[in-house]
Q: 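First, the structure itself, so that you have it in front of you.
Naming: A, B, ... by sequence-line order, numbering from 1 per chain.
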Protein chains: 2
Amino acid sequence: MSIASDLLRGNTDTIILASLTGHDSYGYLINKEIMAKTDSQMELKDATLYSAFRRLEKDGLVNTYWGDEEVGARRRYYSITDKGREVYEQNKAEWQKAKQMIDSLLV
Amino acid sequence: MSIASDLLRGNTDTIILASLTGHDSYGYLINKEIMAKTDSQMELKDATLYSAFRRLEKDGLVNTYWGDEEVGARRRYYSITDKGREVYEQNKAEWQKAKQMIDSLLV
DNA sequence: CAATATACCTCGCCTGTCAAGGTATATTTT
DNA sequence: AAAATATACCTTGACAGGCGAGGTATATTG
């Protein structure tokens with residue numbers, strides 16, 4: 001990854017929630033999509049991704065269920081909850097604010 | 001502080017370097033300036049600030065010297081080094097890139 | 001049959017933030 | 001005169017998130 005992880009920190013959960021707003025998804029795909037959208041400049045490491053899922057689950061922001069693939073590796077799907085959508089909107093707003101403030105501090 | 005510290009993380013050092021680009025400064029003042037510029041919505045906690053200074057010093061991005069105040073509390077001043085300016089520019093560029101990428105991921 | 005891609009997971013380290021505590025001086029309020 | 005507030009510095013230890021390193025299992029491609 002070419003972007004310092006400390007710059008991503010605080011946005012990981014939000015990014016995952018974002019990728020769940022349109023449709024349910026699963027870890028591997030979410031990561032692939034992020035890489036595709038950022039030209040492989042950004043990537044959520046496995047361990048980061050799965051620890052984020054545990055956190056989101058614990059906080060009731062996502063639900064999870066096993067896919068019924070009859071072929072290939074099993075997939076654990078995630079869906080965003082109402083609370084998840086709420087938190088997502090809050091996080092986005094906070095990000096907008098933080099962005100502005102940081103920009104105003106960098107000459 | 002109203003902005004989640006995880007959103008600041010990764011920018012702390014850059015913000016400190018930014019405030020040293022115009023003129024030497026000291027911890028307490030740097031913090032006051034940040035609060036003034038962000039309407040008190042952002043603040044570097046003491047411990048965070050001073051651990052950042054140690055890091056910047058260790059990495060040769062700032063130099064430090066004691067002020068010669070004849071009245072009031074003593075001040076430890078910091079000045080940015082050439083390497084500091086270099087890293088500052090790099091960090092700013094990286095921030096611009098990270099910003100764009102995160103924005104592109106948030107629907 | 002080996003390598004690669006898909007797909008999941010855990011453990012334990014590292015690093016940055018910060019709550020809580022401390023020191024010392026100067027000014028303002030009671 | 002004493003207490004409170006502002007200025008100004010500092011350290012310790014806990015905590016949380018990122019991730020390197022390791023693991024499992026299935027399907028496809030060379």
Q: Nearest-nucleotide wise, let me know which of B:Tyr77 and B:Arg9 is further upstream toward the 5' end of DNA chain D.
A: B:Tyr77
Q: Please check: side-chain N/O of B:Lys92 versus main-chain N/O of A:Val107, any donor-acceptor pairing under 3.5 Å?
A: yes
Q: Are OP1 or OP2 of C:dC9 and a side-chain N or O of A:Arg54 less than 4.0 angstrom apart?
A: yes
Q: Pair A:Lys83, A:Glu86 - check salt bridge (charged side-chain N to carboxylate O under 4.0 Å, His left out), show working.
A: CA-CA 5 Å; A:Lys83 193 177 170 197; A:Glu86 224 176 272; over 6 Å; no
Q: Between B:Tyr78 and B:Phe53, how do the two ring planes meet: parallel, tilted or perpendicular, split at 30° and 60°?
A: parallel
Q: Assign each of A:Asp6 and A:Leu29 to its nearest nucleotide of DNA chain C by heavy atoms, then name whichever residue's nucleotide is nearer the 5' end.
A: A:Leu29
Q: Between D:dT7, C:dA20, D:dC19, spot the one nearest the side chain of A:Lys45, thanks.
A: D:dC19
Q: Whole angstroms only, please: what is the CG-P distance between A:Leu56 and D:dA16?
A: 16 Å
Q: Can you tell me if the side-chain N/O atoms of A:Lys32 get under 4.0 Å from OP1 or OP2 in C:dA7?
A: no
Q: Need one value for B:Ser51: base, sugar-phosphate or nothing, where a base atom within 4.0 Å counts as base even if backbone is also close, heavy atoms only.
A: base
Q: Do any N or O atoms from the side chain of B:Asn63 and from the backbone of B:Ser79 form a donor-acceptor pair under 3.5 angstrom?
A: no
Q: If the cut-off is 4.0 Å, is B:Ser5 near the phosphate of C:dC18, judged by side-chain N/O to OP1 or OP2?
A: yes
Q: Is A:Tyr26 near enough to C:dC8 that one of its side-chain N or O atoms lies under 4.0 angstrom from OP1 or OP2?
A: no
Q: A:Tyr28 has an atom OH; how far is it from atom P of C:dC9, in whole Å?
A: 14 Å
Q: Is A:Thr38 reaching over with its side chain to a backbone N or O of A:Ile34, donor-acceptor style, under 3.5 angstrom?
A: yes
Q: Find the distance B:Asn11:CG to C:dG16:C1' and express it as a whole number of Å.
A: 13 Å
Q: Look at the side-chain heavy atoms of Ile, Leu, Val, Met, Phe, Trp and Tyr, link any pair under 4.5 Å apart, and say whether A:Leu49 and A:Leu56 land in one connected group.
A: yes
Q: For B:Arg9, does its backbone N or O pair with a side-chain atom of A:Asp6 as donor and acceptor, under 3.5 Å?
A: no
Q: Quick one: is C:dC18 close enough that its OP1 or OP2 comes under 4.0 Å of any side-chain N or O from B:Thr48?
A: yes
Q: I need the CG-P distance between A:Leu49 and D:dG17, as an integer number of Å.
A: 15 Å
Q: Roughly, in whole Å, what's the span from CZ in B:Phe53 to P in D:dA8?
A: 13 Å
Q: Give the rounded distance in Å between these two atoms: CG of B:Asn31 and P of D:dT7.
A: 11 Å
Q: Base, sugar-phosphate, or nothing for A:Arg76, non-hydrogen atoms under 4.0 angstrom?
A: sugar-phosphate
Q: Does D:dC9 have its OP1 or OP2 closer than 4.0 Å to a side-chain nitrogen or oxygen of B:Tyr50?
A: yes
Q: At under 4.0 Å between heavy atoms, which parts of nucleotides 22-30 of chain D does protein reach? Answer with one letter per nucleotide, 5' to 3': B base, S sugar-phosphate only, - none.
A: -----S---
Q: Please give, in whole Å, the distance from D:dG17 C1' to B:Leu8 CG?
A: 15 Å
Q: Are side-chain heavy atoms of B:Ile30 and B:Ile15 found at a separation under 4.5 Å?
A: no
Q: Looking at every strand, decide which applies to B:Arg75 at a 4.0 Å heavy-atom threshold: base, sugar-phosphate, or nothing.
A: sugar-phosphate
Q: What is the separation between atom CG on A:Asp59 and atom P on D:dA16, rounded to the nearest whole Å?
A: 12 Å
Q: Would you say A:Arg55 reaches D:dG18's phosphate, i.e. side-chain N/O to OP1/OP2 under 4.0 Å?
A: yes
